[in-house]
Amino acid sequence: MSSAEHPEPNHDPRPLKQRLRARFGDRALAVALAIAVELALGLVLLSIAPKLLAPPEETVPMAVFGVTPDPVPDPDPEDTESAPPAPTERADPVPPRPEPEAAPPAAPLPPAPQPPAMLDIPLGGMPDIATLPRASGAPAPARRAYGPAAPPADPRDSRRVEGRGPNGEPLYAASWFREPYDSELRGYLSTARPPGWALIACRTVAEFRVDNCALLDEYPDGAQIGRAVLAAAWQFRVRPPRLRGQYQVGEWVRIKIIYELRTVSVE
């Protein structure tokens, strides 16, 4: 049989790359190369991943201690024989416990007191107590007085009145050297509302004047009579209180001014 009857198959002499490009095109070749690169990267990652994910093993050092007891040396027989025997302590004799003394016998109780004897006296024969003589008591001894005798009170002394000064000073009834005129008071009392009164305390000074006056009370409250009297007090002429027969300048006096609808009176 000749070669003309059996023709040889077509053999493309071009390389495989050119044949694939001609058969599938340029895009197929790029896809195949990308798949090959991804497979290579996957193999690399699989070989590295077990080392990254596995936690490192921690090793704890183990401490080893010896528990073998130290050897105790045997006692030397020569030292044992030469050592003197230990002295034995001699126990002191225990003294005998003294016997408790017998308690003394209890003293006998005193006999109970006998009730007083009752006298049988008839009621008619009882003496009258009012007629019995009374024993005269001794007079009490007189007490001895020390220091100078107090001078007798002078009836002309100033009378002490109720109340106190601003600092607790005693007050005496005012004795006018000259009573204030109505004309001296009306100018100050023009702002007050009568009827009513005011009570003030003032300290006496020289020339029958007063100073440092303070309001003690007024009626009715808020009538402004006390304020008016305090403003006019610089005109008052008052004698100092008289104590033990002497005028005491600097003592405090109490002054009362009564303001009525038409008249003004002083006390």
Side-chain angles (χ1 to χ4, degrees), residues 128-267:
D128 189 1
I129 299 177
T131 58
L132 296 177
R134 296 181 179 179
S136 58
R143 293 185 178 180
R144 183 177 179 181
Y146 295 90
D154 193 334
R156 295 174 297 177
D157 286 353
S158 300
R159 179 174 55 89
R160 178 77 179 274
V161 294
E162 295 181 358
R164 291 280 181 174
N167 298 320
E169 299 87 353
L171 298 180
Y172 298 91
S175 176
W176 291 100
F177 180 77
R178 178 184 63 80
E179 293 185 3
Y181 301 124
D182 291 349
S183 59
E184 295 176 341
L185 296 176
R186 287 196 179 278
Y188 295 97
L189 291 173
S190 60
T191 58
R193 296 189 297 273
W197 50 264
L199 195 65
I200 63 174
C202 300
R203 185 175 66 90
T204 58
V205 295
E207 298 181 359
F208 304 102
R209 301 285 185 178
V210 293
D211 193 11
N212 297 336
C213 295
L215 180 63
L216 297 178
D217 196 8
E218 71 172 346
Y219 177 82
D221 294 337
Q224 305 299 326
I225 300 176
R227 186 179 66 175
V229 172
L230 290 175
W234 66 274
Q235 305 175 96
F236 295 169
R237 306 294 298 276
V238 180
R239 291 186 176 89
R242 182 169 179 154
L243 303 176
R244 295 179 296 276
Q246 299 292 331
Y247 290 108
Q248 304 294 329
V249 177
E251 295 292 336
W252 289 71
V253 294
R254 191 183 69 178
I255 303 173
K256 185 176 183 180
I257 303 295
I258 301 174
Y259 183 30
E260 297 179 355
L261 293 177
R262 295 183 179 179
T263 60
V264 178
S265 58
V266 296
E267 290 185 0

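From a predicted model like this one, the values you see are computed outputs, not experimental measurements. Quick note: residue numbers are just sequence positions, from 1.
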To the nearest 0.5 Å, tell me how far [X] [atom1] sits from [Y] [atom2].
X	Y	atom1	atom2	result
L215	I225	CG	CD1	10.5 Å
L243	R160	CG	CZ	9.5 Å
L199	I255	CG	CD1	9.5 Å
Y188	W234	OH	CH2	5.0 Å
Q248	D157	CD	CG	9.0 Å

* To do: Write out all pairs satisfying side chain to side chain donor-acceptor pair (under 3.5 Å) with one or both partners inside residues 204-227, taking only residues at least two apart or from two chains.
  => Q224-R227

Does any N or O in the side chain of [X] come within less than 3.5 Å of the main-chain N or O of [Y], such that one atom is a donor and the other an acceptor?
X	Y	answer
E169	N167	yes
R239	W176	yes
R193	G222	yes
E184	Y181	yes

* **side chain to side chain contact (heavy atoms under 4.5 Å, CB included) evaluation trace for V210 with R203** => CA-CA 5 Å; V210 293; R203 185 175 66 90; over 6 Å; no

Please find the pair of heavy atoms, one from [X] and one from [Y], that lie closest to each other, and give the distance.
X	Y	result
L171	G163	CD1-C, 3.7 Å
Y247	P240	CD2-O, 3.3 Å
L189	A228	CD2-CB, 3.6 Å
C213	L230	CB-CD2, 3.8 Å
W252	P241	O-CG, 4.0 Å
A206	V249	N-CG1, 3.9 Å

* R237 charged N/C atom sitting above F177 aromatic ring, 6.0 Å / 45° -> no

* To do: Report the C-alpha separation of L185 and F236 in whole Å, then their side-chain angles, then the decisive distance to 0.1 Å, and conclude whether the side chain to side chain contact (heavy atoms under 4.5 Å, CB included) test is met.
  => CA-CA 10 Å; L185 296 176; F236 295 169; 3.8 Å; yes

